[in-house]
**Q** 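The structure's right below; bear with me while I get my questions together.
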2 protein chains.
Amino acid sequence: MGIRAIERAMNVLQELNLQPINTIAQLHARTKLPKPTLVRILKTLEDAGYVENDVREGGYRVSALVTSLSSGFHKGPLVVEAGRAWAVAITRKHKWPTAIALPDYDGVIIRFSTVPDSPVSPFHSTVNRRLNLLTRGMGLAYFAFLEGEEAELITDVLRRSDDPENALSHHPAELARLVRKVRANGYATRSSLVEPRNSNTIAVPIIAKSGKVLASLGLTYFTSAFSSEQEACARYAPVLQSAASAIADDLERLSRSISIEDDNPAAV
Amino acid sequence: MGIRAIERAMNVLQELNLQPINTIAQLHARTKLPKPTLVRILKTLEDAGYVENDVREGGYRVSALVTSLSSGFHKGPLVVEAGRAWAVAITRKHKWPTAIALPDYDGVIIRFSTVPDSPVSPFHSTVNRRLNLLTRGMGLAYFAFLEGEEAELITDVLRRSDDPENALSHHPAELARLVRKVRANGYATRSSLVEPRNSNTIAVPIIAKSGKVLASLGLTYFTSAFSSEQEACARYAPVLQSAASAIADDLERLSRSISIEDDNPAAV
DNA sequence: CTGATCCATTCCGTCCTACGGAACGGCAGG
DNA sequence: CCTGCCGTTCCGTAGGACGGAATGGATCAG
């Protein structure tokens, strides 16, 4: 068993990263910690410079110094590095948060998200969150564009899964129809069968010049902001597609001009 | 006064970010904490998943989860996002760590560094570190390419400083000569008058299409790895220059294709 | 093989400090 | 004015963090 105060502080810090601004009441509800304890922890983090108490906004937020807690960690695949700038740019222009997800066995894991840059995020920061391949927009955008042996391999793995979100894998015909539809559209959206219902995600694959599907790029919006899913897709799918293609270009340029031997896409 | 255990844990976590691998003895020396206390703190962080005890390497290192402690913080200028991929690519190819620094009043601040990706870094992670404009490679690469009013303004500020590292600002003729040399070379290096002596940094400016100097891109190497500074510069200056120019291109493409209203380069 | 040295880790009794219920002051709405 | 909700402060208590000393390896010298 570890030091309780530290465990608590780390949890609080994680929670703080999930929203641009956090009130004591919210943190109290999410962490189940007594308010005085929260105040004490936040004061400690504030003194240390990791947290700011924004009285105007009425809450606490992480400050620039938190980067020093993770500046020593990298080994992110190059596609994430190449894609960040585009993800940030889209969010600056269109406000909605975007994210980049990388394959991880029978799912994808979000490796970068612009939630903190988005003034209107339906979600909290979702970095390191795992998404299923068949029901989630970013999972499906990856899965549907897989080809040949790789596609079969993953399909087999999914078939063996008893996760309800992978249920579609037991209905090959329907699955094939879904894949065809996604490929025809050039983008995927989150299944209407899974939570949360008040938002949706539009996602496209990032495909290397070699044809290999590297990752997916997604944008999440409040459903209430549009009259229909079609409207949102018509607006953002082209943006995402051109960004995904630009990311693939950038990767190509990166490897050509600097000539990288091999970008190992090993996850984690 | 805050909670001591938390303050200590945060310090330990920061220290862990400064080196790829950290032994208890090193941490003990750097943090002045008793070893049992360190072990307890590290065990706590390990249980929570932020730290790994790599028995093979004989020490502790930060793990992927630390990113969740800062994933909520962004507001980084687009030039850093655009430059990351290139910095990472250079380090993967040439091994030496690279960094991107942004202007901050009378200095520059390192906003991104590939130290964790470098197997041979002379330095520890240097994110958020401030560098002087006249003696440091990355500072000088920025300063020397400033033009017109902006250059005069900063020069005035420097002249009013009594920081020994800004001493050159009191000798306008020598300063002008240095600036001319840097401009002619197209890159800057760290002054041989300042520490540390066992490494050096080669840096180039990142200049937007508009002509505005946005940032500097630097590479740091052990002096002992080359027979002369010339040799290292001949090898890496062109690499850095082409990367800097590519970053400017990327920025241009980012803003053209997504058409961002205004990239506010405000630092922290 | 023995003894010395250095290291990370565990023990455990002491003391302190983190804890949280209760109280407080501020604010908004009724 | 009162009521409800908020963030913050108080303060007596008790449980947990603390660190010196002991332990268990690993490495090296003789």
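Just so we're on the same page: letters track the sequence lines, and every chain starts at 1.
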**Q** Sub-3.5 Å donor-acceptor pair from the side chain of A:N198 to the main-chain atoms of A:S224, do we have one?
**A**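 Such a contact is absent between A:N198 side chain and A:S224 backbone.
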**Q** Less than 3.5 Å apart, any donor N or O on the side chain of A:R61 or A:N53 sitting next to an acceptor on the other?
**A**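 Absent: no donor and acceptor within the cut-off.
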**Q** State, to 0.1 Å, how close B:A99 and B:M138 come at their nearest heavy-atom pair, and which atoms those are.
**A**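 Result for this residue pair: O-CE, 3.2 Å.
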**Q** Search all heavy atoms of B:I24 against all heavy atoms of B:Y60 and return the closest pair with its distance.
**A**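 Closest pair (atom of B:I24, atom of B:Y60, distance): CD1-CE1, 3.7 Å.
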**Q** Can you name the nearest heavy-atom pair linking B:A215 to B:P103, along with the distance?
**A**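 Distance-wise, the nearest heavy atoms are CA-CD, 4.5 Å.
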**Q** Going 5' to 3' along DNA chain D, which nucleotides are the first and last within contact of chain A (any atom under 4.0 Å from a heavy atom)?
**A**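 For DNA chain D, the relevant span reads D:dG7 to D:dC18.
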**Q** Check A:P77 against A:L102 and note the closest heavy-atom contact, atom names and distance.
**A**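 Taking A:P77 first and A:L102 second, the nearest heavy atoms are CG-CD2, 3.1 Å.
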**Q** Look for any protein N or O under 3.5 Å of an N or O in nucleotides 6-8 of chain C and output each such pair with its distance, or none.
**A**
residue	atom	partner	partner atom	Å
C:dA8	OP1	B:I24	N	3.0
C:dA8	OP1	B:A25	N	3.3
C:dA8	OP2	B:A25	N	3.1

**Q** Go through the side-chain N and O atoms of A:S70 and B:T67 and say whether any donor and acceptor fall under 3.5 Å apart.
**A**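 Per modelled atom types, A:S70 and B:T67 side chains form no pair under 3.5 Å.
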**Q** Specify the separation, in whole Å, of atom CG of B:L38 and atom P of C:dT10.
**A**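 Result: 14 Å.
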**Q** Using a 3.5 Å distance criterion without hydrogens, assess whether the side chain of B:N22 forms a donor-acceptor pair with backbone atoms of B:G59.
**A**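 Absent.
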**Q** Could you tell me which non-hydrogen atom of A:V66 sits nearest to which non-hydrogen atom of A:Y50, and how far apart they are?
**A**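 Distance-wise, the nearest heavy atoms are CG1-O, 3.4 Å.
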**Q** Where along nucleotides 13-26 of chain C does protein come under 4.0 Å, by heavy atom, of base (B) or sugar-phosphate alone (S), with - for untouched nucleotides?
**A** ----SSBBBB----
**Q** Consider only side-chain N and O atoms of A:T114 and A:R92, and report whether a donor and an acceptor are under 3.5 Å apart.
**A**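 A:T114 vs A:R92: no donor-acceptor pair found between side chains.
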